[in-house]
Amino acid sequence: MFVGLLAALGMKAQSPLALTIEDFDIKAGETKTVYVAMQNEGYDVIAIEFKMQLPNGLSLKSKPTLTSERIGSFTDDFGEVVASGKTVNAAKNAAGYWIFSIFSQTDQAPFVGTEGNVIAMSIAADANIAIGETSIRLYDIELPTKDAPYYPAEYSNKVTVCKENVTITMAHDKQTFSCAQPLDFTNTGLKAYIATAYQDEKATLTRVESVPAKTGLFLVGTEGETYTVPYAPSSETYDNNLLKPVLTPQVVPQTEGDYTNYLYGEVAGVVGFHKSSGNGTVAAGKAYLQLPTASGARFVDIVFGDETTGINALLKNNEEITNNNVYDLQGRKIENRKSVNRKLRKGVYIVDGKKAVVNNSK
């Protein structure tokens, strides 16, 4: 008997039964239909019971219903085929979670099929719900058959909460950006780029318009101007994007496995992507550049497509240093000594935050 019990428990653990809820996007103030699916290959499930926990800002607006393709039917005592009679009972517990039970008092007809949607629910998002990613949790799941009850693992989906529009104020004319919702930058006046390649201490930026949720971006616009960018579900995917999103405030480490991280900003007068110090918190809504550590770069400049912006100027061999914002590639400031007619040696320098070549051939 003890061995039989162990065998039964083992069968439960290995059974493919599962109850899942689809991932979905929802805008603040929106109500949409969401489905719970059941996978029951090899099992004739006759009832469903589970608990559902909704996150703050989401609510159940009406009584859930069964999807017609899974209801099934049975033959009654008079030989007539009738609907199974199963209904959805949903009650909110004092603790705040929902208790679902789906069964029939008059029959034990199994659900139709072995996979697919079984419950339709109307889910609403509050107008002031927090924008970002959250989830709905299904747990204490029981899927009885005529032979025995089975207890699949709990399941949590992914819910992306969006706004109709997102406003972006440019603190500078160039900055990194990321958002938990998909956006469309077409005709907004704001240019959005992803980083598609890296070579010779320069990252190549490629312009995009339809942007999936949680995409690291580099924006170019007018300093101080606020842009309105609409929500727009995107089918695009950018697997080659070297920019990583920061959706919640976090410390970006200097390295992650075989990769090194770079933050955009100005350091010692040099504007570009600098190797992260691993200290300090990066604000939500930003992005960082991630490159293989083997690249060995300490500073990464940017190139917009075919536009070569990595080397911005070629200085004459006798040109004086008349600008205070001149640094070497290690970020050390070069003193302005115009009074003694000091000249730059041959090499690459940073002038006003941009690279410049001095060809001091003699």
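At most 12 heavy atoms of other shown residues, nucleotides or ligands fall within 6.0 angstrom of atom CG in D258. Remark: K61 NZ is loosely packed, at most 12 non-hydrogen atoms of other residues, nucleotides or ligands lying under 6.0 Å away. Enclosure of atom CG in N56 is not indicated, since only 12 or fewer non-hydrogen atoms of other residues, nucleotides or ligands lie within 6.0 angstrom. Within a 6.0 Å radius of CD in E115, other residues, nucleotides and ligands contribute 12 heavy atoms or fewer. Annotation: R207, atom CZ; neighbour count of heavy atoms from other residues, nucleotides and ligands within 6.0 Å is above 12. A 6.0 Å sphere centred on CD of E266 holds more than 12 heavy atoms belonging to other residues, nucleotides or ligands.
Residue I194 holds its CD1 atom at 11.0 Å from OG1 of T204, rounded to the nearest 0.5 Å. Note: L263 CG to Y288 OH = 9.5 Å, rounded to the nearest 0.5 Å. Considering CD1 of I136 and CH2 of W98, their distance stands at 12.5 Å, rounded to 0.5 Å.
Y231 and L190 are members of different hydrophobic clusters when ILVMFWY side chains are connected at heavy-atom separations under 4.5 Å. Both V34 and V159 belong to a single network of hydrophobic side chains, linked directly or stepwise wherever heavy atoms of I, L, V, M, F, W or Y lie under 4.5 Å apart. Linking Ile, Leu, Val, Met, Phe, Trp and Tyr whenever their side-chain heavy atoms come within less than 4.5 Å leaves Y139 and L60 in two separate clusters. When hydrophobic clusters are built by joining Ile, Leu, Val, Met, Phe, Trp and Tyr residues whose side-chain heavy atoms come closer than 4.5 Å, directly or via intermediates, V246 is not grouped with L291. Linking ILVMFWY side-chain heavy atoms closer than 4.5 Å, directly or via other members, places M38 and I119 in a single hydrophobic cluster.
Listed for the D126 side chain is no donor-acceptor partner under 3.5 Å among the backbone atoms of I129. Although no hydrogens or angles enter the test, the distance criterion places no donor-acceptor pair under 3.5 Å between the side chain of T134 and the main chain of P55. One N or O on the side chain of N93 and one on the backbone of A95 form a donor-acceptor pair closer than 3.5 Å. At distances below 3.5 Å, at least one donor-acceptor pair connects side-chain atoms of S277 with backbone N or O atoms of N279. Of the possible polar contacts, one joining the Q254 side chain to the S276 backbone as a donor-acceptor pair under 3.5 Å is found. Between the side chain of D140 and the backbone N or O of E154, no donor-acceptor pair lies under 3.5 Å. One N or O on the side chain of T67 and one on the backbone of N117 form a donor-acceptor pair closer than 3.5 Å. At distances below 3.5 Å, at least one donor-acceptor pair connects side-chain atoms of N241 with backbone N or O atoms of A195. Judged purely by atom type and a 3.5 angstrom limit, K275 has no side-chain atom pairing as donor or acceptor with the backbone of T255. Not a single donor-acceptor pair under 3.5 Å links the side chain of T176 to the backbone N or O of K286.
Side-chain contact annotation: T196 with T206, donor-acceptor N/O pair under 3.5 Å present. N261 and E256 are linked by a side-chain donor-acceptor pair at a separation below 3.5 angstrom, with hydrogens and angles left out of the test. Using a 3.5 Å distance cut-off with no hydrogens or angles, the side chains of T145 and D147 do not pair a donor with an acceptor.
Here the closest heavy-atom approach between residue M121 and residue V36 is recorded as CE-CG2, 3.8 Å. The two residues L247 and A180 make their nearest non-hydrogen contact at CD2-N, 3.9 Å. Across L217 and L243, no two heavy atoms sit closer than the pair C-CD1, 3.7 Å. The minimum heavy-atom distance linking Q175 with T169 is given by the pair NE2-O, 3.9 Å. Between T167 and T226, the shortest heavy-atom contact is CB-CG2, 4.0 Å. Of all the heavy atoms in D184 and A232, the pair that sits closest is CB-CB, 3.6 Å.
Judged as a ring-ring contact (aromatic ring centres under 6.0 Å, His included), not a single pair has a partner in residues 157-177 (not counting sequence neighbours). Evaluation of the ring-ring contact (aromatic ring centres under 6.0 Å, His included) test over residues 247-285, restricted to residues two or more places apart or in two chains, returns F218-Y264, Y264-F273, H274-F299.
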**Message:** Apply side chain to side chain contact (heavy atoms under 4.5 Å, CB included) to residues T186 and S210 and explain how you reach the verdict.
**Reply:** CA-CA 7 Å; T186 306; S210 179; over 6 Å; no
